[in-house]
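Here is the naming used below: chain letters follow the sequence lines, and residue numbers restart at 1 for every chain.
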Amino acid sequence: MRTPVLTALSSQAPQDSITVCGWVRTKRDSKTFSFLEINDGSCLRGIQAVVDAGVPGSEDLPKITTGASVQVTGRLVASQGQGQAWEIQVTALTLTGPADESYPLQKKGHSMEFLRQIGHLRARSNLFGAVFRTRSRMAFAVHTFFQERGFVYVHTPIITASDCEGAGEMFRVTTLPQGSAAKPEEDFFGKPSFLTVSGQLEAETLACALGSVYTFGPAFRAENSNTSRHAAEFWMIEPEMAFCDLQGDMDMAEEQMRYLARVMLAQCAEDLAFFTKMVDKGLTDRLKLVAEQPFKRVSYREAVDILLSSGQEFEFPVVHGHNLQSEHERYLTEKHFQCPVIVFNYPKEIKPFYMRQNDDGETVAAMDVLVPGIGEIIGGSQREERPERLRAAMEHHQLREEDYWWYADLRKYGTVPHAGYGMGFERLLMFVTGVSNIRDVIPFARTPGTADF
RNA sequence: UCCGGUGUAGCUCAGCGGCAGAGCGGGUGGCUGUUAACCACUAGGUCGUAGGUUCGAUCCCUACCGCCGGAGCCA
């Protein structure tokens, strides 16, 4: 029975017999013994194993190099050296699988670009081990956050026949042979079908039955976006709440961000310290800010006024009624407020049809959460629950009623105010790890021109 | 898709219109309770691809491809 390295290193007392399995990070030879540093992914640190010449298996030491997998059994003892509290005095060593000199990971650092080319091995590096452990913790924390608040986890379809809200270009799903002249009616679903870009509209139908729900699953965008913040396949968290307005929506988004920052600080301390040291010196302080301070909230109108009177030179002009550019959002959260900011009540012309129109006739009850370093991390809104207003909005956006009949039905039968938002899971991970490229917070990134592994 | 940058040893990068360089990694030997160990020796290259300019191009020019940064789209 193997003991995870994390458990071994957390031991309170010496142990007579312990078995650890993992991959060798470094080996340092002496004449009469060798040090192996063994990492098994359970935590950032490895455990030091001391192998005296002559113990069973030590004849394989010449073949045990960086990258090899080994099993060691021995006594857990206080280390005589300085760098670690515990080490294993090995009594039996097994070379499980050698790694020859072509093993690409060195002890020294590699560039992120190189590590992406060896996506099948990069999880064995310190940084990517930490990133993927964090990803798991954060995913679990997302579930506990909503479950503790009575939300129902719902699974919305991944294959869809409705171009929901036109959120982006979609990947076509078909069983028709390539180049087929067959009509969509002859295809598998009897109509054109696609990979989902968002589960929001379906989630709304479930919220209008179960109260508060959330989705947490993959979404797909066939946009030719070549940026560090966009992937063609990404995971999205989409809560949807019945009997909730924009205020409640913003409150929940802020509470969720705060909760996740606290989980990161409390439960990923070792990995967080590593990110702060190696990736982003300001990371821990920024997370503390999010965990402790209330977010600033400004209306779109106020935000534009702040930008106009900032005296700041922007590449793109600030204009009332135009969308905020990335540089504008970054200025608000990084320079002006220096904390997370929620901007709400956007002009209706720049927002999708389903957002609830405000009484001023010009704006909709939309909100974006902006965080330093990332920009927009959450986008949400109160949904239009009034049938006649929704119909007018669809007409204005030139959407066909027959495509959204079921969505409109929610307003026809027992309509309620409701609201929700979408959070990009990878963007969250970028925020809590400091990693600046979305390709490096998902094990196998799908971006234009790249679908390796 | 647009703008800018970049491509040289396994990795990270210098370099230069005229014989291809370092550090790290690899190999060999040595040394040491070591810890991104240390010391010595050693192997390793179609300088992204294709054209062009030139007596001569890794270097200058053009195109293409890859990657990086920024923008748009958004999460």
Side-chain angles (χ1 to χ4, degrees), chain A residues 25-38 45-52 62 65-67 77-84 87 89 99-118 125-126 165-169 197-200 215 218-238 253 278 314-316 322-330 350-352 368-371 374-380 421-431 436-442 447-450 452:
Chain A
R25 284 292 175 78
T26 83
K27 180 181 67 169
R28 294 177 289 274
D29 289 321
S30 182
K31 190 166 277 177
T32 55
F33 56 91
S34 293
F35 296 106
L36 300 179
E37 187 190 328
I38 300 168
R45 299 188 60 194
I47 193 163
Q48 175 161 285
V50 186
V51 186
D52 286 332
T65 53
T66 301
V77 297
S79 178
Q80 299 171 38
Q82 291 300 308
Q84 57 281 317
E87 66 187 18
Q89 187 66 48
D100 69 18
E101 64 279 358
S102 66
Y103 183 67
L105 284 167
Q106 300 177 183
K107 296 172 217 174
K108 290 217 173 189
H110 292 285
S111 69
M112 300 295 255
E113 295 78 35
F114 173 70
L115 290 167
R116 272 175 220 147
Q117 292 167 28
I118 51 167
S125 67
N126 285 333
E165 67 177 286
E169 294 296 313
V197 295
S198 162
Q200 181 200 315
T215 73
F220 307 88
R221 307 266 167 100
E223 297 285 351
N224 188 14
S225 293
N226 291 291
T227 84
S228 56
R229 303 182 311 282
H230 292 84
E233 176 184 306
F234 63 102
W235 284 62
M236 191 152 57
I237 303 149
E238 295 177 293
M278 303 299 289
F314 292 111
E315 186 182 347
F316 293 92
H322 287 200
N323 230 329
L324 296 178
Q325 304 286 323
S326 287
E327 57 173 340
H328 304 150
E329 296 179 342
R330 299 283 290 260
I350 59 174
K351 289 294 181 184
D368 284 350
V369 179
L370 314 177
V371 294
I374 308 287
E376 183 182 340
I377 195 168
I378 288 175
Y421 57 88
M423 167 187 276
F425 185 52
E426 283 74 21
R427 294 214 179 147
L428 168 71
L429 288 169
M430 292 166 73
F431 183 66
S436 60
N437 196 310
I438 197 167
R439 294 166 179 82
D440 301 323
V441 293
I442 187 167
T447 51
T450 305
D452 294 334

Query raised in the report: Hey, is B:C19 sitting syn or anti, using the within-90° cutoff around 0?
Result: syn
**Report entry** Contact state string [nucleotides 7-15 of chain B, B base, S sugar-phosphate only, - no protein heavy atom under 4.0 Å]
**Finding:** ---BSS---
Requested in this report: Report the residue (A:Pro448 or A:Lys27) whose heavy-atom-nearest nucleotide on RNA chain B is the more 5′ of the two.
Outcome: A:Lys27
Query raised in the report: Expressed in angstrom and rounded to an integer, what is the separation of A:Glu223 atom CD from B:U1 atom P?
Result: 13 Å
Query raised in the report: Rounded to the nearest Å, what distance is computed from the CG atom of residue A:Asn224 to the P atom of nucleotide B:C3?
Result: 14 Å
Query raised in the report: Does A:Met112 have any side chain to side chain contact (heavy atoms under 4.5 Å, CB included) partners at least two apart in sequence or in another chain, and if so, which?
Result: A:Arg116, A:Leu127, A:Phe128, A:Val435, A:Asp440
**Report entry** Rounded distance in Å - CD (A:Glu329) to P (B:C74)
**Finding:** 11 Å
Report summary line: Across all chains, not counting sequence neighbours, the ring-ring contact (aromatic ring centres under 6.0 Å, His included) partners of A:Phe33 are A:Phe35
Query raised in the report: Roughly how far apart, to the nearest Å, are B:G10 and B:U49 at atom P?
Result: 13 Å
Report task. Return the set of residues passing ring-ring contact (aromatic ring centres under 6.0 Å, His included) with A:Phe425 (not counting sequence neighbours), or none when no residue passes. Result -> A:Phe216
Requested in this report: Can you see which heavy atom on A:Phe316 is nearest to which on A:Glu327, and at what distance?
Outcome: N-OE2, 2.7 Å
Query raised in the report: Within the modelled atom types, does a donor on one side and an acceptor on the other bring the side chain of A:Ser225 and the base of B:C74 under 3.5 Å apart?
Result: no
Report task. Quickly work out the A:Ile374 CD1 to B:C74 P distance and round it to whole Å. Result -> 18 Å
Close N or O pairs between protein and nucleotides 28-34 of chain B (under 3.5 Å):
residue : atom : partner : partner atom : Å
B:C31   : OP1  : A:Lys31 : NZ           : 3.1
B:C31   : OP2  : A:Lys31 : NZ           : 3.3
B:U32   : N3   : A:Asp29 : O            : 3.2
B:U32   : O4   : A:Asp29 : O            : 2.1
B:U32   : O4   : A:Ser30 : N            : 3.1
B:G33   : N7   : A:Gln80 : OE1          : 3.3
B:G33   : O6   : A:Gln80 : NE2          : 2.6
B:G33   : N1   : A:Glu87 : OE2          : 2.7
B:G33   : N2   : A:Gln48 : NE2          : 3.0
B:G33   : N2   : A:Glu87 : OE1          : 2.4
B:G33   : N2   : A:Glu87 : OE2          : 3.2
B:U34   : O2'  : A:Arg28 : NE           : 3.3
B:U34   : O2   : A:Arg28 : NE           : 2.7
B:U34   : O2   : A:Arg28 : NH2          : 3.1
B:U34   : N3   : A:Gln48 : OE1          : 3.0
B:U34   : N3   : A:Gln48 : NE2          : 3.1
B:U34   : O4   : A:Gln48 : NE2          : 2.8
B:U34   : O4   : A:Gln84 : NE2          : 3.0

**Report entry** Any residue meeting side chain to side chain contact (heavy atoms under 4.5 Å, CB included) with A:Ile374, in chain and number order, not counting sequence neighbours
**Finding:** A:Val371, A:Arg427, A:Met430, A:Phe431
Query raised in the report: If the P atom of B:G45 is compared with that of B:A20, how far apart are they to the nearest Å?
Result: 13 Å
Query raised in the report: Of the non-hydrogen atoms in A:Val197 and A:Ala219, which two are nearest, and what is the gap between them?
Result: O-CB, 3.7 Å
Query raised in the report: Is the phosphate of B:C67, meaning OP1 or OP2, less than 4.0 Å from a side-chain N or O of A:Arg439?
Result: no
Report task. Kindly point out which of B:C68, B:A71, B:C74 is positioned nearest to the side chain of A:Asn226? Result -> B:A71
Report summary line: To the nearest angstrom, the CD-P distance between A:Glu169 and B:U1 comes to 13 Å
Query - Length of the CE-P vector between A:Met423 and B:C74, whole Å - result: 19 Å
Report task. Could you measure between the two P atoms, the one in B:U54 and the one in B:C41, and give it in whole Å? Result -> 46 Å
Check the interface with nucleotides 46-50 of chain B: list each N/O to N/O pair with the protein under 3.5 Å, or write none.
none

Query raised in the report: For the pair made of CD in A:Glu327 and C1' in B:G69, what is the distance, rounded to whole Å?
Result: 16 Å
Query - Nearest heavy-atom neighbours spanning A:Asp368 and A:Gly380 - result: OD1-N, 4.3 Å
Requested in this report: Check whether any side-chain nitrogen or oxygen of A:Ser326 sits under 4.0 Å from OP1 or OP2 of B:G72, and answer yes or no.
Outcome: yes
Requested in this report: Determine the interatomic distance between C1' on B:A22 and the same-named atom on B:C47; round to the nearest Å.
Outcome: 16 Å
Query raised in the report: What nucleic acid atoms does A:Ile377 come within less than 4.0 Å of, heavy atoms only: base, sugar-phosphate, or nothing?
Result: sugar-phosphate
Query raised in the report: Heavy atoms under 4.0 Å, any strand shown: does A:Ala219 hit a base, just sugar-phosphate, or nothing?
Result: nothing
Query raised in the report: What nucleic acid atoms does A:Ser436 come within less than 4.0 Å of, heavy atoms only: base, sugar-phosphate, or nothing?
Result: nothing
**Report entry** Test item: A:Gln84 side-chain N/O and A:Ile47 main-chain N/O as donor-acceptor pair under 3.5 Å
**Finding:** no
Requested in this report: Look only at the side chain of A:Glu238 and the backbone of A:Gly199, and say whether a donor-acceptor pair between them is shorter than 3.5 Å.
Outcome: yes
Query raised in the report: In whole Å, what separates the C1' atom of B:G15 from that of B:G69?
Result: 25 Å
Requested in this report: Name the nucleic acid region contacted by A:Ile438, choosing base, sugar-phosphate or nothing; use a 4.0 angstrom heavy-atom cut-off, strictly under.
Outcome: base
Query raised in the report: For A:Gln89, what residues pass the side chain to side chain contact (heavy atoms under 4.5 Å, CB included) criterion, not counting sequence neighbours?
Result: A:Val50, A:Asp52, A:Arg75, A:Val77
Report summary line: Across all chains, not counting sequence neighbours, the ring-ring contact (aromatic ring centres under 6.0 Å, His included) partners of A:Phe114 are A:His110
Report task. Return the minimal non-hydrogen interatomic distance between A:Ala253 and A:Ile378, and the atom names on each side. Result -> CB-CD1, 4.0 Å
Query raised in the report: Taking only Watson-Crick and G-U wobble pairs with both distances under 3.5 Å, what dot-bracket line describes RNA chain B, where [ ] shows pairs that cross earlier ones and | shows pairs with another strand?
Result: (((((((..((((....[..)))).(((((.......))))).....(((((..]....))))))))))))....
Requested in this report: Give one of base, sugar-phosphate or nothing for A:Arg229, where a contact means two heavy atoms less than 4.0 Å apart.
Outcome: base
Report summary line: Between A:Glu37 and A:Ala232, the residue closer to the 5' end of RNA chain B by nearest nucleotide is A:Glu37
Requested in this report: Take atom P in B:U62 and the same atom in B:C3, then report the distance between them in whole Å.
Outcome: 14 Å
Requested in this report: Between B:G52 and B:C67, how far apart are the C1' atoms? Round to whole Å, please.
Outcome: 25 Å
Query raised in the report: How close or far is atom C1' of B:G27 from atom OH of A:Tyr103, stated in whole angstroms?
Result: 19 Å
Report summary line: Sequence neighbours excluded, the answer for salt bridge (charged side-chain N to carboxylate O under 4.0 Å, His left out) partners of A:Arg229 is none
Requested in this report: Go through A:Ser34 and A:Arg28 one step at a time and tell me if the side chain to side chain contact (heavy atoms under 4.5 Å, CB included) criterion holds.
Outcome: CA-CA 6 Å; A:Ser34 293; A:Arg28 294 177 289 274; over 6 Å; no
Query raised in the report: Checking all strands, does A:Phe425 fall into the base, sugar-phosphate, or nothing category for heavy-atom contacts under 4.0 angstrom?
Result: nothing
**Report entry** Between B:U58 and B:G21 - C1' atom distance, rounded Å
**Finding:** 13 Å
Report task. Using side chain to side chain donor-acceptor pair (under 3.5 Å) as the criterion, list what pairs up with A:Glu101, not counting sequence neighbours. Result -> none
